[in-house]
Amino acid sequence: MGAKPGNFEQYLVEGKPDWERIDFELPCSRCGYELRMLTMPRCPECGLEFTWAELLKALCEEPESLVFEFRWRKRPVRTWVRTIVRGLWPWSFWRGLSIHERIHVGPLVFLLVTAPLLLFVALHGVAGVLWALCWALADMMTGPPDGLVYRRDELKLIALVPYISPGSTLRMLWNVAVVVAATTTLLCSLRQTLGRCRVRTVQMLRVAAYSVGPICVVWGLMILLFVILLGLMPWIGNGMAAQLTLLVAAVLIPGIMLAAGIKRYLRLPRAWLVGPVAIAVALLFSLTVSNIMVRQFGC
C-alpha cells in the first residue's frame, strides 16, 4: 500500500515517526528494505542514513525537482533539454535530486534511448553552427586568412557527414548505443557488489539514464575538438601520446561524471573507481562488437 497524499508532518511527532498513524509501507529508498518500526533513521540492510522527515515527504508529496522524469508530461522538450544541460555539471545536478523521490522508469528509458542522438547533435550540429559562424566572419573580413577558410571548409565537411556518408553515421550511432547499453547493464549488474549496499536496479537505472546523455554530449564535443586541433596541428594525429591522451580523456571525464551520481546520489563507496571502469569496459565491449560485425558482415 502506498503513502497517502497530504502533509507529511502529520506522521511525525517531535521529528520521529508516529507508527500508529503510518499504515503504509515505508521502504528504504536505496535497497527497498522495509523500515517500519525502526528506532533509528538508518537502514539495517544497506546502511543508508536519512531523516524521517525527508523520507515521508518524498512518499506523501509531489517531487519539487524539475528534471525530465517528473515534468515530461507538461513540457517534454524544454525539460529534456534542461535536464541534459544541467547534467553537464553532475555534482550540482545530483545535489538537487533526492534518493527518496519516487522513480518513473518510462522517462528514464527514453533518456537512455535518445542519448546516442546527443552525440550526433554535439558533433555534427555544433560543427554546422561553427561553420556558419566562420562563414559570417569571413564575409565580414576583407581578404580572410587562408586558415579561416580552411577551418570553414573542414567544419562544413564534418557538418555534412550524415548526408555525405549516412552509413558511417549509422555505424557511429550504433556503436554509441552499444556503449550506452553496456554501461547501463554493467551498472545494474554491479549493484550487489558495491560493498554491502544492495542497491535496487531502478536506482542504478536512474544514475545511468541521467549520466549517459551528458556523457554523449561530452564525447561529441571531444571528437570535434580533436578534429579541429588535428587541422591546426597535423602532427598531433601521428603522435601516440596525443591519441592516448584523447583515449584517457574519453574514459576519465565521462567516468567522473558517472561517479558523481554514484557517490553524490546513491552515496556508495568506491564510486571514483567504478565510474571510469564502467566506461572503459563499455567502450572495449563496443569496439569488440564493432570488429565482430565488420568481420562477419562487412559493415
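This one's a predicted model, so the numbers in the text were calculated from it and none came from an experiment. Side chains included, hydrogens not; waters and symmetry mates left out as well; all remaining heavy atoms used.
A search for salt bridge (Lys or Arg N to Asp or Glu O under 4.0 Å) contacts involving Glu20 returns nothing, not counting sequence neighbours. Taking the side chain to side chain contact (heavy atoms under 4.5 Å, CB included) definition, one finds that Leu221 meets it with Ala122, Val126, Val217, sequence neighbours left out. Residues passing the ring-ring contact (aromatic ring centres under 6.0 Å, His included) test with Phe93 are Tyr210, sequence neighbours excluded. Every side chain to side chain contact (heavy atoms under 4.5 Å, CB included) that Ile256 has, sequence neighbours left out, goes to Trp272. With sequence neighbours left out, the side chain to side chain contact (heavy atoms under 4.5 Å, CB included) criterion links Thr114 to Trp80, Phe110. Judged as a side chain to side chain contact (heavy atoms under 4.5 Å, CB included), and not counting sequence neighbours, the contacts of Val129 are Leu133. By the ring-ring contact (aromatic ring centres under 6.0 Å, His included) test, Tyr33 pairs with no residue at all, sequence neighbours left out. The salt bridge (Lys or Arg N to Asp or Glu O under 4.0 Å) check on Lys57 picks up Glu64, with sequence neighbours excluded. With sequence neighbours left out, the ring-ring contact (aromatic ring centres under 6.0 Å, His included) criterion links His100 to no other residue.
The list of ring pair (Phe, Tyr, Trp, His ring centres under 6.0 Å) pairs with a residue in residues 244-266, not counting sequence neighbours, reads Trp94-Tyr265. A salt bridge (Lys or Arg N to Asp or Glu O under 4.0 Å) check over residues 205-224, counting only residues at least two apart or in different chains, returns the pairs Glu69-Arg206. Pairs engaging residues 48-67 under the ring pair (Phe, Tyr, Trp, His ring centres under 6.0 Å) rule: Trp19-Trp52, Phe50-Trp52 [sequence neighbours left out].
For Thr185 (side chain) and Ala182 (main-chain N/O), no donor-acceptor pair under 3.5 Å exists by modelled atom type. Distance alone, capped at 3.5 Å, places no donor-acceptor pair between the Ser286 side chain and the Val179 backbone. Proximity of a side-chain donor or acceptor of Trp219 to a complementary backbone N or O of Ala250 within less than 3.5 Å is detected. Of the possible donor and acceptor atoms, none in the side chain of Ser92 sits under 3.5 Å from a partner among the backbone N and O of Trp89. At distances below 3.5 Å, at least one donor-acceptor pair connects side-chain atoms of Glu34 with backbone N or O atoms of Arg36.
Between Arg267 and Leu48 the shortest heavy-atom distance is NH1-CD1, 3.5 Å. Counting all heavy atoms, side chain and backbone alike, Phe70 lies closest to Arg102 at CE2-O, 3.2 Å.
By the 4.5 Å heavy-atom criterion applied to side chains, Pro41 and Thr51 are not counted as neighbours. For the pair Leu258/Val274, no side-chain contact is recorded, criterion being any heavy-atom separation below 4.5 Å from C-beta on. With contacts defined as side-chain heavy-atom distances shorter than 4.5 Å, the pair Gln203/Val207 does not qualify. Looking at heavy atoms from C-beta onward, Ile215 lies out of side-chain contact with Val180 at the 4.5 angstrom threshold. Leu123 places a side-chain heavy atom less than 4.5 Å from the side chain of Met172. Looking only at side-chain heavy atoms (C-beta outward), Arg78 and Leu66 stay at 4.5 Å or farther from each other.
Rounding to the nearest 0.5 Å gives a distance of 9.0 Å between CD1 of Ile22 and CE of Met37. Taken from CE in Met204 to OG in Ser189, the straight-line distance is 9.0 Å, to the nearest 0.5 Å. Note that CZ of Phe68 is 10.5 Å distant from CZ of Arg73, once rounded to the nearest 0.5 Å. Taking OG1 of Thr79 as the start and CH2 of Trp72 as the end, the distance is 10.0 Å to the nearest 0.5 Å. From Leu266, atom CG reaches atom CZ of Arg30 across 7.5 Å, with rounding to the nearest 0.5 Å.
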| message | Run the side chain to side chain contact (heavy atoms under 4.5 Å, CB included) test on Ser211 and Met257 for me, step by step, so that the C-alpha distance in whole Å, both residues' side-chain angles and the decisive distance to 0.1 Å come before the verdict. | response | CA-CA 7 Å; Ser211 299; Met257 296 175 67; 5.9 Å; no

